[in-house]
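Okay, structure first, notes after.
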Amino acid sequence: MLLSKKKGFFTRIYIVEIIQGLAITLKNFFFSRKVTIQYPEERRAYSDRFRGLHYIKATNGVENCTACMLCPTVCPAECIHIEAGEQADKEKYPVRFEIDLLRCCFCGMCEEACPKDAIKLSAIYEMATHSREVLRKDMLLEQRGNK
Amino acid sequence: MPKCIIDGREAEFSVGENIVDIAKRIGVSIPVFCYHPGLSVVAQCRMCTVEVEKMGKLQTGCSTPATDGMVIHTNSQKVLDARQSTMEFLLVNHPLDCPICDKSGECDLQDYSFEHGSQYSRYTEERRTYVDLDMGPVIQKNMNRCIHCTRCIRFADEIAKLPEMVAMQRGNATEITTADGRPLETDYAGNYSDICPTGSLTLKDFRFHKRAWFLKKTPTICAGCSRGCSIELQTHDDHVYRIIPRENQAVNQYWMCDEGRFMYHAYQEESRLCVPWFDGQELAWQEALQQLRAKMTGALFLVATDLTHEEVDAVSQLAQFYGAQLLAFGSDTDADYDAILRRTNMAANFHGLKRRGLSWYAGQKAELVIIVRAGRTKLPQLGETPWVGMGVFWEKEKTPSCQGILPGLSYLEKNGTVTNFQGTDQALKQAVAVPGMCRSVPEIVMQWMHGGERG
């Protein structure tokens with residue numbers, strides 16, 4: 001059973017509430033600090049632990065990665081694809097190292113699992129592109145963001 | 001039966017049995033490196049030491065036969081300390097390159113190090129390193145990882161009957177190598193990789209293709225010869241990466257030959273015919289069978305010695321349907337090849353077909369020959385007689401007289417029963433998905449006889 005609440009006259013015309021609400025709006029408009037920034041020109045500082053676009057660390061121009069397959073093993077999104085090969089100066093290296101960014105959930109488990117400190121997540125968060133290409137090894141080696 | 005007590009549990013054993021085997025049977029795991037049930041006992045890794053009451057020192061479980069009333073502790077502090085020390089000692093010169101080692105994930109050294117070893121290494125001196133010689137096309141050697149268990153040497157001497165592996169030098173400088181540095185000659189070289197408890201001897205064929213923990217394991221039977229070794233197909237994403245033997249004391253103990261180990265490659269080749277083909281063009285199943293039905297006059301059915309019993313049954317029904325003769329083809333002799341495992345007859349079900357009482361093809365004339373086989377038996381000499389193949393065929397086998405191919409399944413893709421040389425019926429199990437438009441023989445026969453709209 002529905003009961004209609006009896007309300008007084010002042011409550012029914014809402015004038016008091018409207019004035020109170022406007023007062024809050026105006027107070028915030030004139031007296032509080034701005035929360036927006038001029039994005040492309042101004043940028044926020046993110047934490048060092050921010051998990052953005054991946055990169056592969058290299059030592060003396062050779063990638064640290066030994067294609068041990070621990071990152072594709074631990075990856076919950078199954079977005080890392082590695083093909084291992086052999087070189088004269090490096091017993092095992094990744095011939096192909098691809099990350100399908102569209103599938104990646106940026107959990108950072110790959111970084112945690114890596115025994116060679118090879119795969120890392122940078123602070124780059126602008127990842128919108130016009131194509132759906134996967135990240136390839138040469139691109140991952142180059143792209144390091146601010147780290 | 002005599003009884004002993006292991007970790008408070010009573011275990012019956014037969015005289016002469018060693019502690020490791022008895023413990024394994026009652027579910028107590030004792031770590032071992034050099035001990036292998038199929039090889040002689042040397043007790044040199046010292047990993048299996050256990051405490052036996054009334055014996056002063058720790059005893060090696062693999063070389064100590066149990067006696068009646070023996071009380072054994074495998075988990076006392078003394079044993080655990082000994083294991084940890086042994087692990088540390090074995091890992092002194094080990095490179096710890098698990099990320100690049102193919103064995104990691106199925107490595108005894110890795111597992112026991114995790115279970116019994118220390119987390120940190122105290123060793124600061126330079127590790128001993130070797131330069132590796134090439135060991136032929138099957139085995140890749142990495143001597144740095146070796147722990148000198150000599151399983152490979154004993155395998156060469158006792159199972160492969162070709163003493164080609166030797167230990168050179170002494171003490172810290174011991175190097176396991178082939179005699180005179182020659183490549184391995186045995187037909188059973190793949191087993192070196194299976195028995196090696198570390199990544200010292202790994203398969204070149206499997207090298208870096210897949211990590212061990214990704215592989216799905218299907219127990220099945222090798223279709224390489226009439227022995228029918230128990231094997232395990234290791235697959236990932238419907239691709240076979242490796243075959244390893246399974247223990248089966250009645251047939252192959254713990255071993256298998258290289259031919260059986262690597263023959264799966266042929267069935268994953270590009271040139272395997274996987275689309276129905278008739279009169280020079282690739283067709284849908286419906287049309288190929290339609291054209292074939294019109295040609296079935298004076299036909300002769302030939303079944304290969306590598307087919308399963310289920311497939312032969314299906315084909316014999318088809319032959320009955322047409323009132324045609326059903327004959328077997330392929331080598332009709334079988335003998336021991338090398339007194340180890342291999343047999344001279346290279347087909348899985350030769351003895352099964354023999355048992356069914358089929359007569360062998362001996363050049364009988366026919367207008368059209370239907371050859372049914374699973375890819376292992378050599379095609380018969382038919383001369384100019386037109387033939388249609390059902391089963392596994394390759395591009396190079398399409399002779400000018402070949403009228404059509406109905407692609408079937410190999411032992412990797414089908415279930416079925418085959419009979420080995422001892423007369424034992426063993427089951428093949430499907431491990432990977434059917435490739436292309438291939439179909440099993442019973443399925444083809446069903447559509448052939450009853451029509452049906454599928455495909």
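What you see below is based on every heavy atom in this structure, not just the backbone, and it leaves out hydrogens, waters and symmetry mates. To find a chain, count down the sequence lines: A is the first, B the second, and so on, and within it residues start at 1.
Scored by the ring-ring contact (aromatic ring centres under 6.0 Å, His included) test, A/Phe106 finds A/His54 as partners (sequence neighbours excluded). Annotation: ring-ring contact (aromatic ring centres under 6.0 Å, His included) contacts of B/Phe33 (sequence neighbours excluded): B/Tyr112.
The interface of residues 75-92 of chain A with chain B, defined by heavy-atom distances below 4.5 Å, comprises A/Ala84, A/Gly85, A/Glu86, A/Glu91, A/Lys92.
Within a 6.0 Å sphere centred on CD of B/Glu269, heavy atoms belonging to other residues, nucleotides or ligands number more than 12. Heavy atoms of other residues, nucleotides or ligands lying less than 6.0 angstrom from OH of A/Tyr39 number more than 12. More than 12 heavy atoms of other residues, nucleotides or ligands shown are found within 6.0 angstrom of NZ on B/Lys204. Other residues, nucleotides and ligands place no more than 12 heavy atoms under 6.0 Å from the CD atom of A/Gln38.
Between A/Pro72 and B/Arg211 there is no side-chain heavy-atom pair separated by less than 4.5 Å.
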Show me, pair by pair, the donor-acceptor contacts under 3.5 angstrom made by side chains of residues 89-103 of chain B, not counting sequence neighbours?
residue	atom	partner	partner atom	Å
B/Asn93	OD1	B/Arg128	N	2.9
B/Asn93	ND2	B/Asn172	OD1	3.2
B/His94	ND1	B/Arg145	O	3.2
B/Asp97	OD1	B/Arg145	NE	3.2
B/Asp97	OD2	B/Arg145	NE	3.1
B/Asp97	OD2	B/Arg145	NH2	3.1
B/Asp102	OD1	B/Phe208	N	3.3
B/Asp102	OD2	B/Phe208	N	3.0
B/Lys103	NZ	B/Ser193	O	2.8
B/Lys103	NZ	B/Cys196	O	3.0

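Considering all non-hydrogen atoms of both residues, A/Met69 and B/Trp213 come closest at O-CZ2, 4.0 Å.
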